[in-house]
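Heads up, the thing below is written out as structure tokens.
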Amino acid sequence: MNTSQQLLLLSMLAALPVTGAAAEGGVAQPDTAKWECKECPPVERGWSGTVDLGLGQVSNKSYKFGEYNGLYQQGGFFVGDGSVRFRGADGYYWNIDASDAGLHTRLLDAEGGRQGKYKLMLRYDEVPHALADSARTPFAGSGGAALTLPAGFPSANTLTMPLGNALQQVDLSTQRKRLTAGGSWIGANDWEYAVKFGRETKQGMIRTGGAFFANSAQLVEPLDYVTDQVDVSASYAGRRLQVKLAYYSSRFGNGNDALTWQNPFAVPATPGALTGQLALLPDNQFHQFLASAGYQFSDRTRGSADIAWGRMTQNQAFLASTLNAGLAVPDLPGSALDGRAVTLDANLKLSSAVTKQLRLNAIYAHSERDNQTPQASYPSVSTDMFLGAPRTNLPYSFTQDKLKLGADYRFTALTKAGVGFDHDRRQRTFQSVGTTSEDTFWGKIATRALDKVDMTLKLAHAERKGSSYQAVPGILPPENPLLRKYHVADRDRDSAAVRADIAATDSINVGIGAESSRDSYSESAIGLASGHDLSLNGDVSWVVTPQTSLHFFVNRQEIKSTQRGSQSFSTPDWTGQNRDAIDTVGIGVKHAAIKDKLDIGADYLVSRSRSEISVNTGASNPAFPNITASLDSLKLYANYRVSDRIALLGSWWNERYDTANWMLEGVAPSTVPNMLVLGEQPPRYRANVVRLALRYRL
């Protein structure tokens, strides 16, 4: 039907008489009950998704291999994964995802409700961190709050300690478990309300240390943390205005107040120094109120603002200054710290498309922490053996103001450029530098240089200046007045990044990039003097055939730094240099061996790192050995579809890791006479992981 015929038909329809409600002045409403969308994808009702069930096997125990993936124990494990969806009538739905049911990385994430009405959510996950499986200690009670020694202790030094029979292996690891439940519902007049409750526990054992004068020991610290969180909010979403009001609280509790340990070293000069005590993380609370708003001034301009006020408190009862009954320690100034700090965070954002080519952005952020903990004079005890001069606590506070201005301009459909200015000003109390101010100027450009080449370039220059540097009073032993701490020292930084993406052919895409940053601390006589970070990377993706695809990437990163120091508490008399280099290469392939039946694939990764440390003291001292690490990882997998609903999944993961670290290599618990260490060795492993599972499609 041509345009003239359409207009004629519309004219004839308009001339027809109306009936019913339309004849009485209303508007005739079309009957939409039988309308159908022929272009819309079909909506699946009921349950859909996949469930994977099977078994896996780990060949060897290695905490380094399973550091975060839960595969640190030798033996079999259950494979349980799934992703299930439900779509019902009237907008009812459920999304349920589960993974690693048989490992300590298990996850369950469920969300459901009725679209446009309400939503419910439940999430449970575990995060393991395997730290070390080569630690050994003579202390009994690892994992508890009291460490004791067997017969034969104390001793003059580690060489005379009866470690041969007393040492026992202890595996250091932590396990974090999080459970979160909540919901939200849409109320009247465009308001939405939400509430969420969460509990997180963290248990395990980590490294710590304690000392008695010149003698020290590595200890095992217990973790028994519980954190309860509440998040309540009300949000309004209008056509132009959006508002949110929220309250958040966090309560942290530690099941252990302190760690005590028996002194493994005999110290005749101080007979009372038999047991040491370390305070552990104290119970604390945090409460915060937040308000935010966004407003669409026009189709081109939008602004938003938010402000959050919070209060932190900590009033855990003090421990005794020492367990050495032979020391006459003055009384503490109170029974608890009465620690409290107030936080304030505020942000303002404005974005406007001034023209079709020009967009302006401005962000201002203010953050402060006002530490209102009262100051008092506290008695000091050095390593449970000597009384020191009284010390006054220093309640650290800070204020930070950040301003970011940016402009983007599109010259053509293929070229876009941007410039910006960032300002960061920080004020601190009880610090070496009271005020620092950093200004950064940056520019970037993105263009399609050729028909199949996209390029981006970004340059930046930053300068940080600080107020006069002075040692913080009350710090013992005192700092060298020539020292400049790197995070507050004057610094110049230049950085650049370039990237090219090339569509070499219809099936081959190539990416090449480089990033570099260089820091100069020209005003630091002692401390970090310079730093340089360089990264080069490339990647290729190739669709070899409709059944086969290939990807490849390579990366090299070099990090260098130079620092100056003084052995004589005076001008610099030694320099140190660090150089780290990391090379990584990876290749992967996917192949449809049998169309719609069998898919196979492989991924291979090689990584080599090298750390060099050199120190120049003016004397012919031997150089430090290099620290090296190598990783080779190969993964093979195959998926075979038995039917439309059933598939078999199989995979094999082979990984080898080797490292050399002179700081750990050969250092046994008795190697250092006045230091009882855990004797951890550089991690090395060869691991194989096999998985076989059946996938059922709902």
Side-chain angles (χ1 to χ4, degrees), residues 68 70 96-101 104-113 118-129 131 143-145 173-185 192-206 208 221-235 244-259 278-292 306-319 335-345 367 369-373:
Y68 290 105
I96 303 175
D97 296 289
S99 62
D100 293 342
H104 291 298
T105 53
R106 56 183 59 91
L107 165 69
L108 173 65
D109 194 354
E111 177 185 298
Y118 65 89
K119 178 174 66 177
L120 303 174
M121 62 84 61
L122 177 68
R123 180 184 175 92
Y124 174 80
D125 68 307
E126 298 185 13
V127 181
H129 187 191
L131 296 169
S173 65
T174 65
Q175 183 74 16
R176 188 189 303 267
K177 300 179 181 180
R178 295 180 292 204
L179 176 64
T180 305
S184 64
W185 63 97
E192 181 176 358
Y193 308 93
V195 60
K196 184 166 61 176
F197 303 94
R199 163 162 284 203
E200 177 180 292
T201 63
K202 186 176 182 180
Q203 296 180 321
M205 297 182 289
I206 61 175
T208 190
E221 176 184 331
L223 266 62
D224 187 11
Y225 303 160
V226 176
T227 304
D228 292 312
Q229 299 172 310
V230 177
D231 199 340
V232 182
S233 65
S235 305
K244 182 178 181 179
L245 303 174
Y247 165 74
Y248 170 80
S249 74
S250 173
R251 297 174 181 266
F252 170 82
N254 191 345
N256 300 300
D257 296 334
L259 173 66
L278 287 173
L280 302 181
L281 294 181
D283 297 352
N284 59 79
Q285 298 183 25
F286 177 66
H287 302 268
Q288 185 180 68
F289 297 90
L290 178 141
S292 63
D306 62 77
I307 185 169
W309 179 89
R311 188 170 188 265
M312 299 183 288
T313 58
Q314 188 272 102
N315 204 34
Q316 184 84 15
F318 284 139
L319 300 175
S335 61
L337 178 66
D338 190 22
R340 55 186 184 271
V342 174
T343 64
L344 179 65
D345 297 278
S367 179
R369 185 180 72 174
D370 180 15
N371 194 334
Q372 301 175 353
T373 303

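- Considering every non-hydrogen atom in both Gln175 and His104, the closest pair reads NE2-O, 3.1 Å.
- You'll find the side chain of Ile96 reaches within 4.5 Å of the side chain of Leu108, heavy atoms only.
- Side chains of Tyr68 and His129: a donor-acceptor N/O pair is present below 3.5 angstrom, by distance only.
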Between Tyr225 and Glu200, is the side chain to side chain contact (heavy atoms under 4.5 Å, CB included) condition met? List the steps.
CA-CA 8 Å; Tyr225 303 160; Glu200 177 180 292; over 6 Å; no
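- Here Asp100 contributes atom CG and Leu107 contributes atom CG; the two are 8.0 Å apart, rounded to the nearest 0.5 Å.
- Nearest heavy atoms, Ala341 versus Asn371: CB-CA, 4.0 Å.
- Counting all heavy atoms, side chain and backbone alike, Ala145 lies closest to Ala258 at CB-O, 3.4 Å.
- Taking 4.5 Å as the limit, every side-chain heavy atom of Phe286 sits out of range of all side-chain heavy atoms of Phe252.
- Annotation: side chain of Gln203 is in contact with side chain of Asp224 (closest heavy-atom distance under 4.5 Å).
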Show your working on side chain to side chain contact (heavy atoms under 4.5 Å, CB included) between Asp125 and Arg176 and close with a plain yes or no.
CA-CA 8 Å; Asp125 68 307; Arg176 188 189 303 267; over 6 Å; no
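- Evaluated for a side-chain hydrogen bond (donor to acceptor under 3.5 Å, both in side chains) with Glu126, the options Arg106, Lys177, Arg178 yield exactly one hit, Arg106.
- Remark: side-chain polar atoms of Asn315 are paired, donor with acceptor, to backbone N or O of Asp338 under 3.5 angstrom.
- In this structure, Met312 and Asn284 have side chains that are not in contact, with every pair of non-hydrogen atoms separated by 4.5 Å or more.
- Between Thr373 and Gly339 the shortest heavy-atom distance is OG1-CA, 3.3 Å.
- In this structure, Arg369 places its CZ atom where more than 12 heavy-atom neighbours from other residues, nucleotides or ligands lie under 6.0 Å away.
- Counting all heavy atoms, side chain and backbone alike, Leu259 lies closest to Gly144 at CD1-O, 3.8 Å.
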Dump the intermediate steps for side chain to side chain contact (heavy atoms under 4.5 Å, CB included) on Asn254 and Leu223, then the final yes or no.
CA-CA 8 Å; Asn254 191 345; Leu223 266 62; over 6 Å; no
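- Across all non-hydrogen atoms, the minimal contact from Val342 to Gln372 is CG2-NE2, 3.6 Å.
- The side chain to side chain contact (heavy atoms under 4.5 Å, CB included) search around Gln316 returns Asp257, Pro282, Asp283, Gln314, not counting sequence neighbours.
- In this structure, OG in Ser249 is found 8.5 Å from CG in Asp231, a value given to the nearest 0.5 Å.
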With side chain to side chain contact (heavy atoms under 4.5 Å, CB included) as the test, would you mind laying out the steps for Leu344 and Ile307 before giving the verdict?
CA-CA 7 Å; Leu344 179 65; Ile307 185 169; 3.9 Å; yes
